[in-house]
Amino acid sequence: MPLTMNQEVFITCAVTGSGATQGRSPHVPRSPEQIADSAIAAARAGAAIVHCHVRDPDTGAPSRDGALYREVTERIREADTDVVLNLTAGMGGDLVFGAPDTPLPLRPGTDMIGAEARVAHIDACRPEICTLDCGTMNFAEADYVMTNTPGMLRAMAARMRDFGVRPEIEAFDTGHLWLARSLVEEGVIRDPALVQLCMGIPWGAPDDLTTFLAMVNNVPADWTWSAFSIGRHQMPYVAASVLAGGNVRVGLEDNLWLGKGRLATNEALVARAVTIVESLGARVLGPDEVRTRLNLTRQAPV
């Protein structure tokens, strides 16, 4: 694969995620106000897109509460700093099995709901983008499966299309890209698609460069893509993605550290990414430029 560097790059900040990080850093935002404030700080530092989950404000546990999403959306929309809003639609597909000899009944932590319920907050909040995790996989823990069947994805993507919200395909392995191409061919997702390559998450695609380039080479040439890796490889993947022709994602969802012994904030991670992108000779795009390039529609919550 020839080196085809991206000269104009947009940065996504994944603000908080749904992982058990709230006890590991005081900078992981919990309440809607904290999440919105952190998103806006990331935008001021150079992020064109903010990707948001919500959490229970008291416990920090991941939540699907539509009222929390609504508050985050309204706070970000009402701020004096512009940014493209990307809300997760990945919640509600969790299966936690019992021991290998007794996998059923399913254990606490299982959270399986239908397609309409999984995108209800997208319908209400109308962000420009929402995520579509394009496949099922074993996900880190021994007995947890992230479940996204082809039928579920077709139903969710059709609803996103009806809402006028653009799906960002989250691909954790090459097979997820294969499925995404099929959904585009069927017309469920419009062509060209928007893709996030998710590297280094157990047990998806490992974050070595050989696998990364295999992922990149499975993205159709006219699609727009970004990539990230987790933990200490977050910043190296900023450079790797730009050099391979893509855009970048950073944020506390994927990495808590700015350096050894230095806990990060979202805005600090974005600022570091801006430095890397500009040091490579590329330009960082703003939110209006991203809306134009991706044909995004900014809507008010309904």
Side-chain angles (χ1 to χ4, degrees), residues 10-18 28-44 47-57 60-94 111 113-134 148 152-153 155-170 188-190 193-194 196 226 249 251-253 266 287-288 290-292 294-302:
F10 62 78
I11 297 172
T12 297
C13 181
V15 176
T16 191
S18 60
V28 175
R30 294 188 182 191
S31 70
E33 181 178 10
Q34 290 169 344
I35 292 167
D37 287 349
S38 192
I40 293 304
R44 289 173 178 153
I49 302 173
V50 288
H51 169 59
C52 297
H53 293 241
V54 295
R55 293 174 177 265
D56 182 293
S63 175
R64 292 191 287 102
D65 187 335
L68 299 177
Y69 279 106
R70 182 68 175 243
E71 184 177 347
V72 167
T73 298
E74 290 177 346
R75 286 179 177 276
I76 291 174
R77 289 285 191 240
E78 292 168 0
D80 58 4
T81 299
D82 188 24
V83 69
V84 174
L85 181 59
N86 175 342
L87 295 182
T88 185
M91 307 289 287
D94 302 327
D111 181 29
I113 56 175
E116 186 172 351
R118 288 183 71 171
V119 297
H121 64 294
I122 305 300
D123 185 15
C125 296
R126 301 296 173 103
E128 290 101 324
I129 301 171
C130 66
T131 57
L132 187 68
D133 295 341
C134 217
N148 297 286
M152 177 67 77
L153 292 171
M156 291 174 65
R159 285 167 171 79
M160 294 169 186
R161 181 187 60 209
D162 293 344
F163 303 154
V165 176
R166 181 146 194 197
E168 178 192 60
I169 295 162
E170 290 202 331
V188 180
I189 297 175
R190 74 180 189 222
L194 173 64
Q196 186 72 249
S226 297
R249 167 172 143 172
L252 293 176
E253 175 172 350
N266 280 309
D288 273 340
V290 170
R291 290 190 185 97
T292 299
L294 299 183
N295 193 24
L296 302 176
T297 302
R298 177 166 177 163
Q299 306 178 73
V302 297

Discussion item. Listing request: all salt bridge (Lys or Arg N to Asp or Glu O under 4.0 Å) pairs with a residue in residues 80-94, at least two apart in sequence or in separate chains.
Written reply: Arg44-Asp80, Asp82-Arg291, Asp82-Arg298
Fill in: Derivation of the side-chain hydrogen bond (donor to acceptor under 3.5 Å, both in side chains) call for Arg118 and Asn148
CA-CA 11 Å; Arg118 288 183 71 171; Asn148 297 286; 2.9 Å; yes
Fill in: Sequence-distant partners of Arg70, side chain to side chain donor-acceptor pair (under 3.5 Å), two or more places apart
Glu74
Fill in: salt bridge (Lys or Arg N to Asp or Glu O under 4.0 Å) involving Arg190 - partner list, sequence neighbours excluded
none
Worksheet item: How long is the gap from CD1 on Ile76 to SG on Cys52, to the nearest 0.5 Å?
Response: 4.0 Å
Response to the item:
Separation between CG (Leu296) and CZ (Arg166), nearest 0.5 Å, reads 6.5 Å
Discussion item. Between the side chains of Arg77 and Glu128, is the shortest nitrogen-to-carboxylate-oxygen separation below 4.0 Å, so that they form an ion pair?
Written reply: yes
Discussion item. Treating Glu71 as the side-chain partner and Ser31 as the backbone partner, does any N or O pair qualify as donor plus acceptor under 3.5 Å?
Written reply: no
Fill in: Check: Thr16 main-chain N/O paired with Arg55 side-chain donor or acceptor under 3.5 Å
yes
Worksheet entry | Contact check, side chains of Arg159 and Glu116, non-hydrogen atoms, under 4.5 Å | yes
Worksheet entry | Shortest non-hydrogen contact from Phe163 toward Arg126 | O-NH1, 3.3 Å
Worksheet item: Measuring from Leu132:CG to Met156:CE, what's the distance to the nearest 0.5 Å?
Response: 5.5 Å
Worksheet item: Any idea which heavy atoms bring Pro301 and Thr73 closest together, and the distance?
Response: CG-CG2, 3.8 Å
Discussion item. So, taking the atom named NE2 in His51 and the one named CD in Glu168, what distance separates them when rounded to the nearest 0.5 Å?
Written reply: 7.0 Å
Item to complete: Output the distance between atom OG1 (Thr88) and atom CG (Asn86), rounded to the nearest 0.5 Å.
Response: 8.0 Å
Response to the item:
Closest non-hydrogen atoms of Ser38 and Pro29, given as atom of the first, atom of the second and distance, are CB-CG, 4.1 Å
Worksheet entry | Pairs touching residues 29-38 that satisfy salt bridge (Lys or Arg N to Asp or Glu O under 4.0 Å), sequence neighbours left out | none
Worksheet item: Asp65: what forms a salt bridge (Lys or Arg N to Asp or Glu O under 4.0 Å) with it, not counting sequence neighbours?
Response: none
Discussion item. For Thr131 versus Ala89, what's the shortest heavy-atom pair and its separation?
Written reply: OG1-N, 3.0 Å
Practice prompt. Taking Asn266 for its side chain and Val15 for its backbone only, find out whether a donor-acceptor pair lies under 3.5 Å.
Written response: yes
Worksheet item: How about Val119 and Cys130: do any of their side-chain heavy atoms sit closer than 4.5 Å?
Response: no
Worksheet entry | Residue pair Pro127 / Tyr69, side-chain heavy-atom distance below 4.5 Å | no
Discussion item. Test of understanding: with side-chain contact (heavy atoms from CB on, under 4.5 Å), list the residues that count as partners of Ala193, not counting sequence neighbours.
Written reply: Ile169, Val184, Ile189, Trp223
Discussion item. Quick check: closest heavy atoms across Ile113 and Arg64, and the distance to 0.1 Å?
Written reply: CD1-NH1, 3.2 Å
Worksheet item: Of all heavy-atom pairs between Ile40 and Ala79, which one has the smallest distance, and what is that distance?
Response: CD1-CB, 3.6 Å
Practice prompt. Output yes when a side-chain donor or acceptor of Thr12 lies under 3.5 Å from a complementary backbone atom of Val50, and no otherwise.
Written response: no
Fill in: Point-to-point distance, once rounded to the nearest 0.5 Å, from CE of Met152 to CG of Asp133
12.0 Å
Worksheet item: Hey, are the side chains of Val83 and Thr81 touching, using non-hydrogen atoms and a 4.5 Å cut-off?
Response: no
